[in-house]
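Reminder, nothing fancy here: chain letters follow the sequence lines and each chain counts from 1. Treat the numbers as computed from the prediction; the structure is a model and nothing was measured.
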Amino acid sequence: MKPRVRFAPSPTGYLHIGGARTALFNWLYARRNGGTFVLRIEDTDLERSTPESVKAILDGLKWLGIDWDEGPEVGGPFPPYFQTQRLASYKKHAEQLLAQGKAYRCYCTKEELDARRSEGGLGWKYDGKCRERKDTPNLPAVIRFKMPHGDGSYSFDDHVLGRITKTFSDLDDFVMMRADGIPLYNFGCVVDDHEMEITLVGRGQEHVNSTFPQLALYDALGWKPPTFAHFPLILGPDREKLSKRKHPEADVMLHKKNGILPEALLNFVIRLGWGHGDDEFIPVEQMKQWFGFENVGKTSGVWNPEKLVWLNQQYLKKLPIEDIAQRVTPFVPGVAAGDPRIAKLVGAFRERTKSLGEMGEKMAGYFKHGVTIDAEAAAKHLTPDGKGVLAKARDALTPLGTWNAAAIDEAVKKLAETSGLKMGAIAQPLRVAVTGTTTSPGIGETLELLGREEALSRIATALK
RNA sequence: GGCCCCAUCGUCUAGCGGUCUAGGACAUUGCCCUUUCACGGCAAGAACACGAGUUCGAAUCUCGUUGGGGUCACCA
């Protein structure tokens with residue numbers, strides 16, 4: 001049987017890094033095994049769910065290149081894919097459980113519950129006050145699941161964690177549905193996973209405990225539960241679960257803004273909790289061949305920005321120049337898409353920068369007229385001696401027939417020979433004059449990139 | 001605190017009873033290359049949490065301790 005897996009985010013904000021990885025793992029599993037990847041929006045938290053968040057999540061997934069076979073925008077055989085549009089179904093199953101005595105109406109108010117909970121302290125479980133209640137007052141009531149009592153337990157064989165068990169006594173009568181008919185997570189999730197014929201639920205480890213009430217539900221409804229895979233969490237630098245509140249890097253799109261390539265983000269994120277021997281550079285096509293739960297680790301991983309950025313540079317270096325050129329353009333202020341100079345600049349800067357943002361910043365100077373010269377650099381290289389060398393260099397360069405890196409380098413080299421100077425003694429004053437800093441690509445390359453007119457003009461300005 | 005999960009270099013990890021004086025990668029340091037900066041190459045330091053078992057033999061299996069994380073909502 002072909003597996004059917006899903007990613008079921010709650011639209012209460014942007015696409016979270018943890019969610020992105022959960023989506024990635026499920027998506028790869030589906031792709032690797034010829035299965036189906038379903039996207040379902042769990043928007044039952046009416047207070048916090050917004051259409052903007054739905055869009056943000058969809059946009060995030062698209063940016064990452066994670067496509068879904070069923071779900072919003074594409075439809076599928078089990079619509080709708082928004083939980084708030086499936087209320088009739090939850091109602092039907094809730095009433096069935098009610099009729100069978102497997103669930104009951106609870107009239108305890110939020111306030112009463114809070115009071116009893118604070119009295120009971122941490123770990124307080126619902127006391128069953130309404131469990132055996134026979135009357136049916138005309139009051140708002142939530143529906144609670146009647147958890148079995150006794151010595152039994154629920155267990156399941158997790159694809160990554162192995163067998164996990166929990167006894168009935170550690171579970172309580174959780175609420176399945178609010179008084180207004182909106183289901184809560186555990187209930188909505190079970191009904192939908194069953195109706196959408198999900199065969200395997202892959203999600204973060206923060207959900208292992210919620211697997212038990214869900215198993216109880218499958219049991220009560222007489223349904224065969226899917227299998228489960230719980231993935232290790234991604235931790236922030238403080239070693240706590242990466243959260244939107246405390247960790248800005250949890251926002252997938254923030255990385256886009258910073259000039260991280262989706263390829264690199266995917267590669268980085270998959271290595272947090274999954275590996276394939278000693279491989280580090282793993283393009284998506286390769287992931288699709290290799291990914292499996294056998295190699296998903298059990299231990300949480302800490303977010304490591306240095307490694308992300310290193311991977312990003314690996315992709316910057318390996319992707320086609322034209323491709324990078326197109327993607328870096330938005331990061332270069334005032335440059336129109338398709339400017340042919342961008343591609344040449346990419347060739348020079350892809351090995352010197354780690355993100356599109358950084359690359360764009362460095363490129364910007366090549367599109368302006370004139371430069372601001374760094375005082376420290378000037379003090380070191382534009383000394384009277386340095387200016388003397390600079391003037392000689394100008395004289396050697398001005399008559400050049402072809403203005404390209406090879407010709408320029410040759411001219412500089414010749415000047416070094418005839419004047420008895422070291423290459424550096426010539427290149428550095430030139431570099432400072434022309435870029436304002438002591439660092440740049442090779443001097444010939446730099447001058448070519450600038451263009452004859454601009455380069456000579458900058459030299460002239462520095463000489464004044 | 002109850003319950004659940006986890007435990008190899010600073011970080012991500014390889015390791016699935018002997019091939020481990022524990023391998024790779026990021027980061028760090030040094031050297032080489034070199035017109036600067038990068039890239040690249042080479043090298044170094046850096047880990048099996050602890051304690052009992054099981055076994056001829058344990059990083060690998062069992063138990064305990066300690067440590068870390070998760071979860072205990074009419075959020076998901």
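In this structure, the CZ atom of A:Phe281 is 19 Å from the C1' atom of B:U13, given to the nearest Å. Taking atom CG on A:Leu390 and atom C1' on B:U35, their separation rounds to 14 Å, with Å as the unit. Taking atom CD on A:Glu240 and atom C1' on B:C5, their separation rounds to 16 Å, with Å as the unit.
Legend: residues meeting side chain to side chain contact (heavy atoms under 4.5 Å, CB included) with A:Thr12, ordered by chain and number and at least two apart, are A:Ser10, A:Arg48, A:Ser49, A:Lys244.
Using a cutoff of 4.0 Å between basic side-chain nitrogens and carboxylate oxygens, A:Asp173 and A:Lys146 are not scored as salt-bridged.
The side chain of A:Lys380 contributes no N or O atom lying less than 4.0 Å from OP1 or OP2 of B:U36. OP1 or OP2 of B:C5 has not a single side-chain nitrogen or oxygen of A:Arg163 nearer than 4.0 Å. Side-chain nitrogen and oxygen atoms of A:Arg352 include none within less than 4.0 Å of the OP1 or OP2 phosphate oxygen of B:U36. Note on A:Lys125: every side-chain N or O is 4.0 Å or more away from OP1 and OP2 of B:C3. OP1 and OP2 of B:G69 both lie 4.0 Å or more from every side-chain N or O belonging to A:Thr299.
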Taking only distance into account, with no hydrogens and no angle test, what donor-acceptor pairs under 3.5 Å do side-chain atoms of residues 296-310 of chain A form with protein atoms, sequence neighbours excluded?
unit_1, atom_1, unit_2, atom_2, d
A:Asn304, OD1, A:Glu306, N, 3.2
A:Asn304, OD1, A:Lys307, N, 3.3
A:Lys307, NZ, A:Glu280, OE1, 3.1

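For the C1' atoms, the distance linking B:C39 with B:U65 amounts to 49 Å, nearest Å.
In A:Asp180, the CG atom is crowded: over 12 heavy atoms of neighbouring residues, nucleotides or ligands sit closer than 6.0 Å.
Annotation: cation-pi pair A:Lys102/A:Phe145 absent, no NZ/CZ under 6.0 Å from the ring centroid and within 45° of its normal.
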Check: protein-nucleotides 20-24 of chain B nitrogen or oxygen pairs below 3.5 Å:
unit_1, atom_1, unit_2, atom_2, d
B:G23, N2, A:Asp278, OD1, 3.1
B:G24, N2, A:Glu280, OE2, 2.9

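Between A:Phe168 and A:Tyr154, the ring-plane angle classifies as tilted under the 30° and 60° cut-offs.
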